[in-house]
Amino acid sequence: MILVLAVIAGLAAGFIRAKIGKRAYQPEHLKAIWLVLVAVIPQWLAFSFSPTRSAFPDWVASSALVLSQAILLLFAVLNWKTAGFWLLGLGLVMNLLVIVANGGFMPISPETVSWLTPGIPSSLWSVGERFAGGKDIVLPVESTLFYFLSDHFRSPDFDLFRVAFSLGDIFIAIGAFWLLWAIGGEKRGLRAQENSNGSNGV
């Protein structure tokens, strides 16, 4: 959810920036953008598509999550010179590290799960098991490796909207916002061409 909010804010800011500068809102060429689709497919099959989600054992789901994160990291590395991508990559490294260190899922504490699901009895979820069949695994703080990288940050305490997220998610969200904001700015190729024309007295 934090990434969705960052994308919405980044698109809005980028469009406004482009409008003010009387520029087209058009992204620079990204290398191997097809990797994003390849990365999304394993997660979609493991966590969103009902027929496969219910059929995949935990080891397949965790492998799909790790593979997806690794492919996205490769995409970020290939485009690291583009605005925001080094932050995206750093966030992906953080998430991948804590996921791999804790058995292939993102750890979340029982306290955070209770906060996410107020009024729902704890008998509906178990420590050491995946939370709601998703990407998180419920682990006590003392049993979590790299706890500071886990899903322990919380959104404002609203009754109708609560979400937990990681430090890596924060970096990914900032990187996405930066990328979308930068798209509304002056393109590097055009700027270099204008500088060249200026130096030639054109």
The reported gap from CH2 in Trp181 to CD1 in Ile16 (rounded to nearest 0.5 angstrom) is 9.0 Å

Between Phe171 and Gly91 the two heavy atoms that sit nearest each other are CB-CA, 3.8 Å

Look at Asp136 together with Arg130 and state whether they make a salt bridge at an N to O cut-off of under 4.0 Å.
-> no

Whether Phe47 and Phe105 hold their rings parallel, tilted or perpendicular, with breakpoints at 30° and 60°:
perpendicular

Quiz item: Is the closest side-chain heavy-atom distance between Trp125 and Ser114 below 4.5 Å?
Solution: yes

In short, Val141 meets Glu111 closest at the heavy-atom pair CG2-OE1, 4.4 Å

Looking at Leu145, is its backbone amide N or carbonyl O close enough to the side chain of Asn102 to form a donor-acceptor pair, meaning the two atoms are under 3.5 Å apart? yes

Please answer whether the main-chain N or O of Ala64 pairs with a side-chain N or O of Ser68 as donor and acceptor at a distance below 3.5 Å. no

Between the CZ atom in Phe153 and the OG1 atom in Thr112, the distance rounded to the nearest 0.5 Å is 11.0 Å

Here the gap from Arg53 atom CZ to Ser48 atom OG, rounded to the nearest 0.5 Å, amounts to 7.0 Å

Between Trp178 and Ala83 the two heavy atoms that sit nearest each other are NE1-CB, 4.0 Å

Tyr25 and Gly184 have their tightest heavy-atom pair at CE1-N, 3.7 Å

>> Between Ile2 and Ile172, is there a side-chain heavy-atom distance shorter than 4.5 Å?
In response: no

Q) According to a 4.5 Å side-chain heavy-atom criterion applied to Ile, Leu, Val, Met, Phe, Trp and Tyr, with indirect links allowed, do Phe161 and Ile170 form part of one hydrophobic cluster? A) yes

Heavy-atom nearest pair, Phe165 first then Ser155, reads CE2-N, 3.8 Å

Is there a path of hydrophobic side-chain contacts, each under 4.5 Å between heavy atoms of I/L/V/M/F/W/Y residues, joining Tyr147 to Leu96? no

Trace of the side-chain contact (heavy atoms from CB on, under 4.5 Å) decision for Val36 with Phe75 | CA-CA 7 Å; Val36 176; Phe75 173 66; 3.6 Å; yes

query: Given side chains that start at C-beta, do those of Val127 and Pro140 come closer than 4.5 Å, heavy atoms only?
result: yes

Is there a donor in the side chain of Ser166 and an acceptor in the side chain of Asn95, or the other way round, less than 3.5 Å apart?
yes

Q.
Taking Trp34 as the starting point, is it possible to reach Leu30 by hopping between hydrophobic residues whose side chains are less than 4.5 Å apart?
A. yes

Point to revise | pair Val138-Ser109: side-chain heavy atoms closer than 4.5 Å | key: no

Side chain to side chain contact (heavy atoms under 4.5 Å, CB included) with Gln69: of Leu73, Val66, Leu67, Leu65, only one passes, and it is Leu65

Inspect the surroundings of CH2 in Trp115 and state if more than 12 heavy atoms from other residues, nucleotides or ligands are less than 6.0 Å away. yes

Here the pair of heavy atoms bringing Asp151 nearest to Ile108 is O-CG1, 3.7 Å

Report task. Would you check if the distance from the ring center of Phe49 to the ring center of Trp44 is below 6.0 Å? Result -> yes

**Prompt:** Is it the case that one hydrophobic cluster holds both Met94 and Leu87, taking links as side-chain heavy atoms less than 4.5 Å apart, direct or via other members?
**Reply:** yes

Identify whether Val77 and Ile33 are in the same connected component of the hydrophobic contact network (ILVMFWY, side-chain heavy atoms under 4.5 Å). yes

Fill in: Full working for side-chain contact (heavy atoms from CB on, under 4.5 Å) between Leu180 and Val7
CA-CA 7 Å; Leu180 296 170; Val7 168; 4.0 Å; yes

Output for pair (Glu129 CD, Asp58 CG), nearest 0.5 Å, gives 7.0 Å

- Task: Please work out which of the three classes, parallel, tilted or perpendicular, describes the rings of Phe148 and Phe146, given edges at 30° and 60°.
- Result: perpendicular

Q: Indicate yes or no: at least one non-hydrogen side-chain atom of Phe85 is less than 4.5 angstrom from one of Leu78.
A: no

**Prompt:** Do Thr117 side-chain atoms and Val113 backbone N/O form a donor-acceptor pair below 3.5 Å?
**Reply:** yes

Distance col, row Leu92:CG vs Asp169:CG, nearest 0.5 angstrom, shows 9.5 Å

The reported gap from CG in Leu149 to CG in Leu167 (rounded to nearest 0.5 angstrom) is 6.0 Å

Residue pair Leu179 / Thr82, side-chain heavy-atom distance below 4.5 Å: yes

